[in-house]
Number of protein chains: 2
Amino acid sequence: MNRVLDLAILGLLMDRDHHGYEIRAQLRDRLGLWSNVSFGSIYPALARLEREGFVEAVAAEVKLASLSTGSLSGERATLRALRPAPALGRKGRKVYRITDRGREQFALLISDPATLDDSKSFSLRMALARYLTPSLRVGLLEQRRANLAQRLFEMRQQAKTDDLDGYARSVMEHGAKAVELEISWVDDLLASERNNQQPLAREAN
Amino acid sequence: MNRVLDLAILGLLMDRDHHGYEIRAQLRDRLGLWSNVSFGSIYPALARLEREGFVEAVAAEVKLASLSTGSLSGERATLRALRPAPALGRKGRKVYRITDRGREQFALLISDPATLDDSKSFSLRMALARYLTPSLRVGLLEQRRANLAQRLFEMRQQAKTDDLDGYARSVMEHGAKAVELEISWVDDLLASERNNQQPLAREAN
DNA sequence: GCACGATATATCGATCTGATATAATGAATC
DNA sequence: GATTCATTATATCAGATCGATATATCGTGC
């Protein structure tokens, strides 16, 4: 049921085809999901998305022995490609492509305002914001801002409660500052959204 | 294998006895672990800690009908307390106390410098920092600072890579700013650690 | 030739999440 | 004093995630 990883993977596949290993790197380098997502999440998620018809495997890219093919290596490559069961071969990357149903699902997931609670999923949406219409973007930003303002208030309250020692209080105060920083980020995004003199999105495909 | 929740629970029990429901609230309000930890984590974790001998259940606090006890309510309470199997009763809070072995385990977990990678576990340690010796505190802070500096460098690099659109870049830049904020927090803590004119910790216990 | 690090997929057990079930308590309303 | 309702409280389930490990190929350097 975790839509976050589904959204992230589909978002990457909107851009171009990818295989699992690459998806992990892109999650880190382009979508801001550091603390590397484990392979134990990636591969099951891809299998799930395929099962649901949102992505399809577009033939394992079996690396042929470059140009000078000795008969032996050629034969081995053929053997590997023909082998019946073991899931398109040991090795040989399995490249995935998003389907039409996958695109629909992506549009659904990215514009769903229900799951906007945590920083991680919000950042992910922003990293994919070029796929949203301007009005949806503003809507999500405003809702996130409201959430953060509420949270800031709560954290301020907590930081004031008396039975905290200095360290615990310091943690709460830092937490509040982090929320403030995110609020000012959202405000910047909203500002550049409203007077979109310098649009943040390049052409979305 | 997740030591983080174990550390958090043992940390709370160092202070005083708690039952599961209360632990969840304290995790949020005193240890800065918002985005409420689910009960599906808390109760199994307590069972695990009990199985390993780090905590013990100190009799379910069966709420007796306050002062004016009608015979009926008294009888019901007795019946509930005597019922044989179902794990100290439906309802009636199960209060846990930390054992000596639990204290040892806590000391071990909180001073382990290996698992200092993410913000969440670092914040948790800081919320419990009064249980650390000054030198261990400084050690953890310095190591965290080094981690963050490395990370800041990486994020700066990523924000500069060319094939990002404006939104993705904005995410990366905000991420870098968040790391900077945490670095300055760590620096503040280190400073007040070194000239501990106003010690952050009140009496530990 | 061959050692080694990077690329790549897959799977396992332990754990975590989000949802749901169950039930007692306390307070307000009638 | 009956009834509704939110809060307190424990427990469990399916599905998802993590961290570790296994396996194998590719590319580079020696």
Side-chain angles (χ1 to χ4, degrees), chain A residues 1-9 18-27 33 35-52 57 60-66 73 76-77 80 83 85-96 114-115 117-118 120-121, chain B residues 1-6 8-9 18-27 33 35-52 57 60-66 70 73 76-77 79-81 83 85-96 114-115 117-118 120-121:
Chain A
M1 285 296 175
N2 189 3
R3 275 60 222 281
V4 180
L5 186 54
D6 288 12
L7 174 59
I9 292 178
H18 286 288
H19 55 92
Y21 191 83
E22 199 179 19
I23 282 173
R24 190 171 108 120
Q26 299 264 311
L27 253 32
L33 300 181
S35 78
N36 278 346
V37 181
S38 82
F39 291 121
S41 299
I42 304 273
Y43 291 113
L46 282 169
R48 187 173 67 234
L49 289 169
E50 189 177 22
R51 199 168 58 240
E52 294 170 323
E61 221 181 67
V62 177
K63 202 117 183 187
L64 296 173
S66 53
S73 58
R76 276 206 281 112
R80 216 183 302 122
R83 203 182 306 157
L88 289 174
R90 316 299 262 156
K91 188 65 207 272
R93 336 149 134 173
K94 213 161 156 186
V95 177
Y96 290 93
T115 57
D117 25 316
D118 63 308
K120 205 177 75 176
S121 71
Chain B
M1 283 296 173
N2 190 3
R3 272 64 223 278
V4 180
L5 186 54
D6 288 11
I9 292 177
H18 287 287
H19 56 92
Y21 191 84
E22 198 180 20
I23 283 173
R24 189 170 108 123
Q26 299 265 308
L27 253 33
L33 300 182
S35 80
N36 279 344
V37 180
S38 82
F39 292 121
S41 299
I42 305 271
Y43 292 113
L46 282 169
R48 187 173 66 237
L49 289 169
E50 187 176 23
R51 198 169 57 240
E52 293 169 326
E61 219 181 69
V62 177
K63 202 118 184 183
L64 295 173
S66 53
S73 59
R76 276 207 281 114
L79 270 174
R80 215 185 302 122
R83 203 183 305 159
L88 287 175
R90 317 298 263 152
K91 191 63 205 273
R93 336 148 131 174
K94 215 159 156 187
V95 177
Y96 291 93
T115 58
D117 24 318
D118 63 308
K120 204 177 76 176
S121 71

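Numbered from 1 within each chain, the chains take letters A, B, ... in sequence-line order. Nothing here was measured: the structure is a model prediction, and the numbers come from that model.
Nucleotide C:dT7 holds its P atom 11 Å from the CD atom of A:Glu22, rounded to whole Å. Remark: P of D:dC18 and CG of B:Asp118 are 12 Å apart, rounded to the nearest angstrom. Atom P of nucleotide D:dT8 and atom NE2 of B:His18 are separated by 16 Å, given to the nearest angstrom. Taking atom CG of B:Leu27 as the reference point, atom C1' of C:dT17 lies 15 Å away to the nearest angstrom. Per the geometry, CG belonging to B:Leu49 stands 14 Å off C1' belonging to C:dA14, to the nearest Å. B:Arg93 places its CZ atom 14 Å from the P atom of D:dA11, with the value rounded to the nearest Å. As rounded to whole Å, 14 Å separates atom C1' of D:dT8 from atom CG of B:Asn36. Rounded to an integer number of Å, the gap from CZ of B:Arg24 to C1' of C:dA19 is 12 Å.
Residues A:Asp6 and A:Arg48 form a side-chain contact, since some pair of their non-hydrogen atoms from C-beta on lies under 4.5 Å apart. Put simply, the side chain of B:Asp118 does not reach to within 4.5 Å of the side chain of B:Val4, judged on heavy atoms. Put simply, the side chain of A:Tyr96 reaches to within 4.5 Å of the side chain of A:Glu50, judged on heavy atoms.
Formation of a donor-acceptor pair under 3.5 Å by the B:Arg24 side chain with backbone atoms of B:Ser38 is not found in this model.
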Trace of the side chain to side chain contact (heavy atoms under 4.5 Å, CB included) decision for B:Leu33 with B:Leu5: CA-CA 10 Å; B:Leu33 300 182; B:Leu5 186 54; 5.6 Å; no

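Of all the residues in residues 37-45 of chain B, B:Val37, B:Ser38, B:Gly40, B:Ser41 reach under 4.0 Å from DNA chain C with at least one non-hydrogen atom.
At the phosphate of D:dT8, OP1 or OP2 sits under 4.0 Å from a side-chain N or O atom of B:Tyr21. Within the structure, a side-chain polar atom (N or O) of A:Arg48 is placed less than 4.0 Å from OP1 or OP2 of D:dA16.
Scanning for ring pair (Phe, Tyr, Trp, His ring centres under 6.0 Å) contacts around B:Tyr43 gives B:Phe39, with sequence neighbours left out.
Note that the two end axes of the helix from C:dG1-D:dC30 to C:dC30-D:dG1 enclose an angle of 30°, each drawn from 5 base pairs, rounded to 10 degrees.
Picking from C:dC16, C:dA10, D:dT8 the nucleotide with the shortest atom distance to the side chain of A:Lys94 gives C:dA10.
Between A:Leu46 and A:Gly20 the shortest heavy-atom distance is CD1-CA, 3.8 Å.
Residue B:Ser41 holds its OG atom at 9.0 Å from CD1 of B:Ile9, rounded to the nearest 0.5 Å. To the nearest 0.5 Å, atom NZ of residue B:Lys120 and atom OG of residue A:Ser35 are 10.0 Å apart.
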